[in-house]
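One structure is given here, and the rest of the page talks about it.
Position 1 is the first residue of the sequence; numbering continues from there.
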Amino acid sequence: MPADALWKEEVCHEWQKLNYDIYTLRQIRREVRSRWKHILEDLGFQREADSLLSVTKLSTISDSKNTRKAREILLRLAEETSIFPTSWELSERYLFVMDRLIALDAAEEFFKIASRTYPKKAGVPCLADGQKELHYFPLPSP
């Protein structure tokens with residue numbers, strides 16, 4: 001096989017691997033968002049769930065005093081529930097969402113529902129639904 005053809009085959013293989021990794025990352029992000037939406041709907045935010053989960057570059061924290069509390073609750077969610085896959089690095093996206101829940105006085109109830117719905121199983125890594133194996137890569141902030 002000529003060197004040029006071998007190089008093209010290698011590049012094609014790398015692109016396929018990259019596309020698979022991107023697809024897997026998107027699936028994990030969709031699954032986490034779906035879990036959050038499910039809990040928000042259980043809290044009674046059926047109409048507001050999508051807007052509560054919407055975070056853009058223009059999003060702001062409603063009250064700077066809530067930032068510490070929001071971060072603490074997110075860390076508890078990551079440590080005590082399986083709402084996030086094991087490989088998940090906490091995203092600022094959910095800091096904004098948690099800030100909104102604190103402002104609505106619904107953060108603790110969200111945590112309680114998450115704990116019941118997505119309990120952490122000791123020693124068992126959490127996979128996103130449909131994920132066959134763990135993929136370790138950081139998730140960027142929004």
Side-chain angles (χ1 to χ4, degrees), residues 1 4-142:
M1 185 181 285
D4 189 41
L6 191 59
W7 178 81
K8 285 180 183 177
E9 186 177 318
E10 188 175 313
V11 168
C12 182
H13 176 72
E14 289 299 316
W15 273 107
Q16 287 174 339
K17 185 179 180 311
L18 180 61
N19 281 334
Y20 176 78
D21 289 346
I22 291 169
Y23 172 80
T24 302
L25 174 61
R26 286 181 177 155
Q27 286 298 105
I28 292 170
R29 290 176 84 175
R30 276 188 207 106
E31 178 60 30
V32 170
R33 187 180 195 287
S34 173
R35 292 174 183 182
W36 277 70
K37 185 175 180 177
H38 173 78
I39 295 170
L40 289 171
E41 289 170 346
D42 284 355
L43 278 170
F45 295 110
Q46 289 85 1
R47 292 184 186 162
E48 301 88 352
D50 286 324
S51 62
L52 285 169
L53 289 168
S54 177
V55 176
T56 67
K57 291 178 183 177
L58 301 176
S59 296
T60 59
I61 298 290
S62 65
D63 184 349
S64 60
K65 293 179 223 166
N66 291 346
T67 305
R68 194 179 105 261
K69 185 175 180 181
R71 194 171 308 277
E72 287 171 3
I73 295 171
L74 274 180
L75 288 172
R76 281 178 46 214
L77 281 169
E79 292 169 0
E80 300 175 28
T81 75
S82 61
I83 195 167
F84 298 115
T86 302
S87 61
W88 186 271
E89 285 190 12
L90 291 180
S91 168
E92 274 188 70
R93 168 178 305 279
Y94 293 100
L95 185 66
F96 286 96
V97 177
M98 190 55 64
D99 170 67
R100 294 169 186 165
L101 292 174
I102 291 169
L104 294 167
D105 199 29
E108 287 301 325
E109 191 61 28
F110 183 95
F111 179 83
K112 288 176 190 173
I113 293 173
S115 296
R116 284 192 309 267
T117 309
Y118 303 103
K120 180 79 103 186
K121 296 178 180 119
V124 178
C126 173
L127 300 176
D129 290 350
Q131 187 181 358
K132 302 208 183 333
E133 60 184 82
L134 287 174
H135 295 276
Y136 295 95
F137 35 75
L139 297 176
S141 298

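Atom CG in Leu43 sits 10.0 Å away from atom NE2 in His38 (nearest 0.5 Å). Distance CG/Asp99 to CD1/Ile61: 4.0 Å, rounded to 0.5 Å. The structure places OG of Ser51 at 7.5 Å from CZ of Arg100, a figure rounded to the nearest 0.5 Å. With rounding to the nearest 0.5 angstrom, the OG atom of Ser54 is 13.5 Å from the CD atom of Glu48. Separation of atoms CD1 (Ile28) and CZ (Phe84) is listed at 13.0 Å; rounding is to 0.5 Å. Taken from CZ in Phe96 to OG1 in Thr67, the straight-line distance is 8.5 Å, to the nearest 0.5 Å.
Scored by the salt bridge (charged side-chain N to carboxylate O under 4.0 Å, His left out) test, Lys65 finds no partners at all (sequence neighbours excluded). Listed by chain and residue number, nothing satisfies the salt bridge (charged side-chain N to carboxylate O under 4.0 Å, His left out) test with Arg47 (two or more places apart in sequence, or in another chain). With sequence neighbours excluded, the residues forming a side chain to side chain donor-acceptor pair (under 3.5 Å) with Arg30 are Gln27, listed by chain and number. Listed by chain and number, the residues in a side chain to side chain donor-acceptor pair (under 3.5 Å) with Glu41 amount to none (sequence neighbours excluded). Considering only residues two or more places apart in sequence or on other chains, Lys69 meets the side chain to side chain donor-acceptor pair (under 3.5 Å) condition with none of them. Applying the side chain to side chain contact (heavy atoms under 4.5 Å, CB included) criterion to Leu58, with sequence neighbours excluded, gives Thr56. Looking at residues two or more places apart in sequence or on another chain, you find a side chain to side chain contact (heavy atoms under 4.5 Å, CB included) between Gln16 and Cys12, His13. Residues satisfying the ring-ring contact (aromatic ring centres under 6.0 Å, His included) test with Phe110, not counting sequence neighbours, are Trp36. For Ala107, the side chain to side chain contact (heavy atoms under 4.5 Å, CB included) partners at least two apart in sequence or on another chain are Ile73, Met98, Leu101, Ile102. Shown here are the salt bridge (charged side-chain N to carboxylate O under 4.0 Å, His left out) partners of Glu72, two or more places apart in sequence or in another chain: Arg68. Partners of Lys112 under the salt bridge (charged side-chain N to carboxylate O under 4.0 Å, His left out) rule, at least two apart in sequence or in another chain, do not exist in this structure.
A 4.5 Å side-chain heavy-atom check between Glu109 and Leu104 finds every atom pair outside the cut-off. Side-chain atoms of Arg29 and Val32, non-hydrogen and from C-beta on, never get closer than 4.5 Å to each other. Annotation: side chain of Glu14 is not in contact with side chain of Leu18 (no heavy-atom distance under 4.5 Å).
Nearest heavy atoms, Ala49 versus Lys37: CB-CG, 3.9 Å. Between Phe45 and Ala106, the closest heavy-atom pair is CE1-CB, 4.0 Å.
By the neighbour-count criterion of 12 heavy atoms within 6.0 Å, atom CZ of Arg71 is sparsely surrounded, having that number or fewer from other residues, nucleotides or ligands. Counting non-hydrogen atoms of neighbouring residues, nucleotides and ligands closer than 6.0 angstrom, the CG atom of Asp105 reaches no more than 12 such neighbours.
Side-chain atoms of Arg35 come within 3.5 Å of backbone atoms of Ser82 as a donor-acceptor pair (strictly under, hydrogens ignored). Side-chain N or O atoms of Ser115 include one that pairs as donor or acceptor with a backbone N or O of Phe111 at under 3.5 Å.
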Please determine whether side chain to side chain contact (heavy atoms under 4.5 Å, CB included) holds for the pair Asp21 and Leu25, giving the CA-CA distance in whole Å, both sets of side-chain angles, and the decisive distance to 0.1 Å. CA-CA 6 Å; Asp21 289 346; Leu25 174 61; over 6 Å; no
Enumerate, atom names and distances included, each donor-acceptor pair closer than 3.5 Å involving a side-chain atom of residues 74-81, sequence neighbours excluded.
residue: Thr81; atom: OG1; partner: Leu77; partner atom: O; Å: 2.5
residue: Thr81; atom: OG1; partner: Ile83; partner atom: N; Å: 3.3

